[in-house]
Amino acid sequence: MTLDKKQFFDPQAITAKWQERWRLDRLYHIDLKTAKSPYFCLMMFPYPSAEGLHIGNIYMQTGTDAFARFKQMQGNDVFEPMGLDAFGIHSENYALKIGKHPMEQGRLAQENFYRQMESAGLMVDWSKKLETTDPNYYKWTQWLFIQMFKHGLAVRKKAKVNFCPSCKTVLADEQVIDGKCERCSSLVEKRDLEQWFFKITDYAKRLLDNIPGLDWDEKIKISQTNWIGESKGAEIEFRIKNVELRIKVFTTRPDTLYGATFLVVAPEHVLIDKILKQVQDDNVRKEVNEYVKSAQNKSEQERLEVGKEKTGVFSGCYAVHPMTGKQIPIWIADYVLASYGTGAIMAVPAHDERDFEFATKYNLPIKQVIKTPANSEGKAYAGKGEIINSVEWNGLVVPQDINKIIYDIEKRNIGHAKENYHLRDWLISRQRYWGPPIPMVFCEKCAKEGKSWFDTEEAKELSKIQNSKLKIKNSTPEAHGWYPVGDEELPVLLPFIEDFKPLGSGISPLANHPEFYNTKCPVCGNQAKRETDVSDTFLDSSWYFLRYLATDWQYLPFPTENREFSTEVTKLKSEIAARKRFLPVTIYIGGAEHAVLHLLYARFITMALHDMGYLDFEEPFSKFYAHGLIIKDGAKMSKSKGNVILPDPLIKKFGIDTVRLYLRFLGPFEQGGDFRDTGIEGMHRFVKRLYKLLAKDQNTKLQEQKLEDKKRLRMLHQTIKGVTEDLEALRFNTAIAKLMTYYNFLSTQQDIYKIEAKVYLQMIAPFAPHVAEELWEQIGEQYSIHKSAWPSYEEKYLVSEKVNIAVQINGKVRDVLAVASEESQDKHRVMEIVLASEKVKRYLGKTEISINKVIYVPGRVINFIV
RNA sequence: GCCGGGAUGGCGGAAUGGUAUACGCGGUAGUCUCAAAAACUACUGGCUAUAAUGGCUGUGUGGGUUCGAGUCCCUCUCCCGGCACCA
């Protein structure tokens with residue numbers, strides 16, 4: 001007779017039973033204050049834009065959860081919080097697509113997301129959840145913006161910025177991938193606009209220098225290093241002939257200075273106008289003007305097109321070479337970028353491919369200054385070799401002697417050592433609706449009078465107490481008229497408006513709402529206007545991990561002892577101290593796609609908050625682990641391909657424990673893997689078999705007495721060791737493989753010892769929390785398995801199963817003769833095995849040698865000295 | 001072009017320099033069934049052999065180090081990711 005499945009294993013009933021019990025018992029509630037061994041296990045919070053959770057979200061969340069549960073069982077007080085990154089273009093675009101108001105869509109999505117995440121059986125303390133759209137949250141996002149402004153890290157600048165014509169907003173550099181919008185893949189345009197920027201470039205060096213010390217995925221560290229893009233070199237000044245003007249150029253190869261045969265400046269370079277005034281020839285002037293104009297009209301895309309032939313025009317002016325005193329022509333060409341370095345270069349065609357191409361086209365002189373191997377032709381871009389044709393530098397060898405050259409340049413007062421960074425300032429304004437309004441007020445009257453917040457008493461007070469790393473600047477023209485909203489006015493609520501659609505033309509939807517933007521100047525009291533742009537969603541997520549520790553605090557953004565909050569700090573003194581122990585985040589798990597976005601911004605903001613005195617650490621995430629992507633049929637899941645896997649039906653069909661186990665098993669966590677339907681069926685079979693093996697009313701008898709069988713003890717302890725090490729390194733797939741091997745072993749045994757069942761359930765609990773809890777109860781153990789101590793192993797049971805037996809002649813290993821197995825641990829037995837081995841017989845027969853000494857190397861090789 | 005990472009059965013993937021292919025999927029055969037499904041049992045890299053506890057071969061290519069290489073070193077090919085007219 002076949003058993004009805006329901007009769008012996010009903011995953012839905014088990015899940016419901018235990019989730020209910022855990023909730024009633026507040027099993028996963030964590031008291032941040034009394035925690036003895038604080039462990040902050042953070043996972044990236046999702047944005048609730050799509051129809052619901054994606055299998056990829058579940059993949060990441062349950063993976064993090066398995067690790068968190070493991071750490072909890074190891075005796076840590078694990079804080080695993082969760083929330084929603086609900087503001088931002090992602091969510092807004094989705095609302096636009098389905099024709100709902102973002103506020104309404106947000107409410108629906110929020111409900112659905114929390115329901116789904118709770119069904120995943122996470123050990124999240126839901127009493128500490130947060131949403132970035134909550135005014136109690138974005139009040140502090142706005143507060144953060146204001147602190148950045150007050151400390152001179154949020155500035156208004158007019159600049160060429162990325163503009164997405166489809167999302168109708170500006171974008172940060174990091175949000176442009178291959179010239180396309182990160183969200184919608186539209187071709188990004190460049191527009192000249194005045195916007196709010198965060199001065200992340202001020203932190204470029206520190207952000208870079210801290211990278212080697214981070215316990216992060218190497219991939220991510222390399223990406224960030226490349227993105228910050230430090231180039232070491234020198235800035236060198238060239239006098240312009242007949243004029244009191246100088247052009248600064250940046251070069252990484254000051255050693256090739258004697259090879260500079262002309263200068264090139266970007267078409268946008270500010271000196272061009274001044275230079276042109278000196279030019280007599282009208283034709284040249286006209287030509288230059290035309291070139292500059294045509295360069296401006298070209299899109300970034302066109303200008304950067306690979307393989308494009310270089311263009312340029314002679315400016316009519318000459319510069320004076322600082323070493324030789326000879327005059328060299330100044331050219332204007334768009335292969336030099338205004339936004340990098342000084343916007344001008346010294347061209348060394350003999351040793352730079354681009355300069356060579358340009359010099360060849362326009363017939364400019366080429367002068368070799370580095371000795372190159374005989375066989376290479378004119379263009380040798382060698383970065384190393386002996387310097388020639390360079391008067392006093394001749395004979396020096398680069399790169400070794402580059403510092404001598406820079407020293408010489410500095411001594412002659414023609415330039416100095418200089419580092420440049422690829423990193424650009426973080427453009428924070430968005431001309432969209434769905435975000436926290438930037439909490440700034442602009443007063444026309446004050447602007448005309450050249451006043452700003454930096455002229456107030458408060459600014460002067462602040463400048464007295466601030467960290468030396470942050471110098472409050474004097475009021476710059478860009479800051480004139482700008483005041484932050486007063487603390488008591490926060491949050492600046494995002495109003496509900498019907499016309500929330502992005503307008504394009506660089507204006508935010510809020511700009512059509514005088515009832516929102518009309519206000520009074522906090523200083524002069526005249527009519528003033530609120531900023532109508534909202535901030536980038538990456539600002540919301542740049543500090544959310546701090547807020548998890550303070551979701552119940554209304555007057556503190558996160559645990560801090562800064563004097564700004566002195567009243568609260570006095571009141572909550574010990575609580576703040578206790579909660580601070582969870583920071584910085586112990587481990588952060590998330591997708592590698594945020595390498596240069598979220599992860600860099602969070603580091604920057606943390607560093608800035610540190611410098612402002614709000615935090616006493618400057619790196620937010622001690623450890624970062626990047627998980628891989630889950631794909632289907634070898635391709636990324638997408639609706640157009642019709643290969644999207646949704647979690648709900650799977651959970652319904654197999655139960656969450658099977659899904660959790662399968663997601664862990666399908667490939668290494670850091671690589672992701674291919675979702676296969678037959679694969680999950682296989683895992684389902686395993687879960688059913690396991691249940692059958694250990695469930696109370698099944699045939700198995702649990703042996704209460706002590707386990708003495710050596711083989712079984714070794715199996716048990718080896719599995720504990722392997723699984724523990726695998727979990728420690730987040731190698732979930734191999735951990736589960738070991739558990740399955742162990743199951744296969746146990747299932748062949750007549751009886752199962754209690755200790756085996758117990759340890760087995762504990763090891764599978766992080767992956768299959770509900771089934772493990774159910775069986776834990778059925779074998780008569782005390783609730784809850786998740787509060788039980790992770791099993792430990794004893795070395796004495798771990799003697800290696802395999803040893804190799806080798807022959808040594810004159811201290812050198814000559815040959816491996818045999819492989820002995822477990823029984824061979826004592827020397828006499830080894831001898832027997834060796835002598836019985838066919839290979840040894842042959843070896844001994846051939847060479848007529850005898851074994852006179854045995855050296856035993858535990859675990860690996862047994863050497864015979866012959 | 002530059003910087004990373006990778007290539008192991010029919011498939012996903014295991015292997016601190018020590019019996020390559022753990023674990024799962026798929027496949028084959030069998031048990032149970034009127035039958036099928038499910039479940040269970042056995043086998044499953046290739047070639048060869050079958051009296052075997054047999055032989056040979058095998059981790060993208062070609063070489064090297066080593067008693068011993070998927071693993072370490074060098075060459076080449078291909079694939080994936082990031083950056084890219086950044087001076």
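First the proteins, then the strands, lettered A, B, ... as listed; each starts at 1. On a predicted model such as this, the values are computed, not experimentally measured, just so you know.
Where A/Tyr743 and A/Val176 each meet RNA chain B at their nearest nucleotide, the meeting point lying more 5' is that of A/Tyr743. Heavy-atom nearest nucleotides on RNA chain B were determined for A/Asp726 and for A/Ile222, and the one closer to the 5' end corresponds to A/Ile222.
Of the candidates B/C23, B/A87, B/G4, the closest approach to any side-chain atom of A/Ala737 belongs to B/C23. Minimum atom distance to the side chain of A/Ile345 is reached by B/A87, of the listed B/C85, B/C23, B/A87. Side-chain proximity of A/Met740 to the nucleotides B/C23, B/C25, B/C85 is greatest for B/C23. Between B/G24, B/A84, B/A87, one nucleotide has an atom nearer to the side chain of A/His422 than all others, and that is B/A84. Residue A/Ser223 places its side chain closer to B/G82 than to any other of B/C25, B/A87, B/G82.
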Base-pair string, RNA chain B, Watson-Crick plus G-U, cut-off 3.5 Å on both distances, | for inter-strand, is (((((((..(((.....[....)))((((((.......))))))((((.....))))..(.(((..]....))).))))))))....
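In this entry the base of B/G12 is anti relative to its sugar, with a glycosidic angle more than 90° from 0.
None of A/Ile645, A/Val659, A/Leu663 except one satisfies the side-chain contact (heavy atoms from CB on, under 4.5 Å) rule with A/Ile680; the exception is A/Val659. Here the options are A/Phe767, A/Phe654, A/Phe732, the test is side-chain contact (heavy atoms from CB on, under 4.5 Å), and the partner is A/Leu661; only A/Phe767 passes.
Phosphate contact (OP1/OP2 of B/A87, side-chain N/O of A/His351, threshold under 4.0 Å): absent. In terms of phosphate contacts, A/Arg689 brings a side-chain nitrogen or oxygen within less than 4.0 Å of OP1 or OP2 of B/C40. Contact between the side-chain N/O atoms of A/Tyr340 and the OP1/OP2 oxygens of B/A87 is found at a separation under 4.0 Å.
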Can you check side-chain hydrogen bond (donor to acceptor under 3.5 Å, both in side chains) on A/Tyr335 and A/Asp355, steps first, answer last? CA-CA 9 Å; A/Tyr335 82 91; A/Asp355 298 344; 2.8 Å; yes
List the steps and the verdict of salt bridge (Lys or Arg N to Asp or Glu O under 4.0 Å) for A/Glu230 and A/Lys205. CA-CA 8 Å; A/Glu230 183 184 59; A/Lys205 191 160 180 55; 3.7 Å; yes
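Classified by interplanar angle (parallel below 30°, tilted 30° to 60°, perpendicular above 60°), the ring pair A/Trp216/A/Phe624 is tilted. Classified by interplanar angle (parallel below 30°, tilted 30° to 60°, perpendicular above 60°), the ring pair A/Trp331/A/Phe358 is perpendicular.
Atoms CE (A/Met683) and P (B/G24) sit 9 Å apart, rounded to a whole Å. Atom CG in A/Asn226 sits roughly 6 Å away from atom C1' in B/C83 (whole-Å rounding). Rounded to an integer number of Å, the gap from A/Lys221 NZ to B/G4 C1' is 14 Å. For the pair A/Arg685 CZ and B/G24 C1', the interatomic distance rounds to 9 Å; values are reported in whole Å. One interatomic measurement links the two molecules: CH2 of A/Trp227 to P of B/G4, which rounds to 19 Å at whole-angstrom precision.
A salt bridge links A/Glu725 to A/Lys721: at least one charged side-chain nitrogen sits closer than 4.0 Å to a carboxylate oxygen.
Using a 4.0 Å heavy-atom cutoff across all strands shown, A/Gly682 reaches sugar-phosphate atoms only and no base atom. Heavy atoms of A/Asn420 sit nowhere under 4.0 angstrom from any nucleic acid atom.
Side-chain atoms of A/Lys738 and base atoms of B/C23 include no donor and acceptor less than 3.5 Å apart.
Between B/U75 and B/C83, the two C1' atoms lie 27 Å apart (nearest whole Å). B/U66 and B/A22 have their C1' atoms separated by 26 Å, with the value rounded to a whole Å. Here, B/A84 and B/C78 have their C1' atoms 22 Å apart, quoted to the whole Å. Rounded to the nearest Å, the gap between the P atom of B/A29 and that of B/G81 is 41 Å.
Cation-pi geometry between A/Arg660 and A/Phe665 is not met at under 6.0 angstrom from the ring centre and within 45 degrees of the axis.
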Contact list (N/O, under 3.5 angstrom) for nucleotides 11-13 of chain B vs protein:
unit_1	atom_1	unit_2	atom_2	d
B/C11	O2'	A/Arg676	NH2	3.2
B/G12	O2'	A/Leu666	O	2.9

